[in-house]
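Read through the structure below, which is laid out as structure tokens, and then see the notes.
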Amino acid sequence: MTWYERLGVRRVINADARLTRLGGSIMPPEVVEAMAEAARWYVDIDELQRAVGRRLAELTRNEAAYVTSGAAAGLTLATLACVTGPDPVRIARHLALFPATEGFPDEVVIHAAHRIPYDPAVRLAGVRLVSIGTVLKTEPWELEAALTERTAAVLYVAGAHLSRGALPLARVVEIAHASGVPVIVDAAAQLPPVENLWTFTRELGADLAIFSGGKDLGGPQSTGLIVGRADLVEAIHLHGAPNQRLGRPFKVSREEIVGLLAAVERYLRLDHDARRRACEATIAQWIDALRDLPGVRVFRIFPNEAGQPLPRLGVEPDPTRCRLTARELRDRLWDGDPRIAVSLHDDRYISLTAETLEPGEAELVVERLRRLLGDAAAASRA
Ligand SMILES: *Cc1c(COP(=O)(O)O)cnc(C)c1O
């Protein structure tokens, strides 16, 4: 019996996305083995963080890198780094004052189009968010006007799905740097493509970029990766664990630090083209297997919900011809054993992804869908 069985916690087949509430991702064996190995000895955590940071920087073609306890923690630490810089005396003064911030920049500028629910992670660093533009449009002068001596950083949330109302990142970097303000990129879910590990910082000039370790990288769920400028990463070291400063609550274990490194090394070796083709093949098979069902429209969605270049399957029951609504379909998939997690969109259709599935699960998912939708079609004919 597994721990989950003993606890009566049902297994979930994740056809939804790399969601924290479902466990993020499944770590490949080599990551789990690296973690088990790291657990066997004590080490100096700062020495380990710095050694892993150097290796991650080299692998991701960046000046410096740091392992955090998730991308959200990375947002707090990156903001703190931009508020104080790496000077230990300034960091000590800032800590003594906190949550007061006299003498320190205390604003982070963000596009209105980028106000995603991770804002609190930035505000935890004691700053206020200053929104520019609207969700539909932002002008360069709006960014220029928002940059003052109080500005600690500009936070840019990457993703094709968020780009509509925002200035392009390269333009933001140009304007912010002209005022001496660093740019932090929240790229938590922007892998794939793998090149994003260096594109935001090395090509587009952002000062720091933050990725989730527990999404497509397949590292420990409670890790994140910050890459970018060496002086800002040094500031992150000083704010973070094992130091007893503001970043101390975001500690990462030696198992997680080593696990994330193993995950990044593996990720860079993967054949990402083959992965994408495999996802496309599964979506095409799903569409083939479902297209004859009466009262249901099945279709390919691209790009996916996070703006990544990966396809999804859409399944839309026709309410006049199918006994199941999209919401009921989502609920029945979730209520089975194992549970199957999918996304619901506007109560109109559900969508599924393939890249989160383990071997054999794509078949299980399509069988369950066919059974539920086939029963519903039979019921509406009766
Ligand atoms: C997932 C996500 C986060 C949070 O990442 P964690 O690694 O779970 O802390 C932050 N920002 C965006 C855009 C995300 O998609």
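Not measured: the values here are computed from a predicted model. Both counts, for ligands and for their atoms, begin at 1 and track the order of listing.
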query = If you round to the nearest 0.5 Å, how far is CG of Asp346 from CD of Glu316?
reply = 10.0 Å
request  = Find out whether the Lys NZ or Arg CZ of Arg6 is both under 6.0 angstrom from the six-membered ring centre of Trp3 and within 45° of the ring's axis.
outcome  = yes
inquiry  = Taking the six-membered ring of Phe200 as reference, does the cationic atom of Arg202 (NZ for Lys, CZ for Arg) lie under 6.0 Å from its centre and within 45° of its axis?
reply    = no
Neighbouring protein residues of ligand 1 - any heavy atom closer than 4.0 Å = Thr20, Gly70, Ala71, Ala72, Ile116, Tyr118, Asp186, Ala188, Ala189, Ser212, Lys215
key: Arg10 and Asp335 ion-paired at < 4.0 Å   = no
ask   = Under the 3.5 angstrom rule, does the side chain of His239 hit a backbone N or O of Gly247 as a donor-acceptor pair?
value = no
Any donor-acceptor pair under 3.5 Å from Thr223 side chain to Gly219 backbone = no
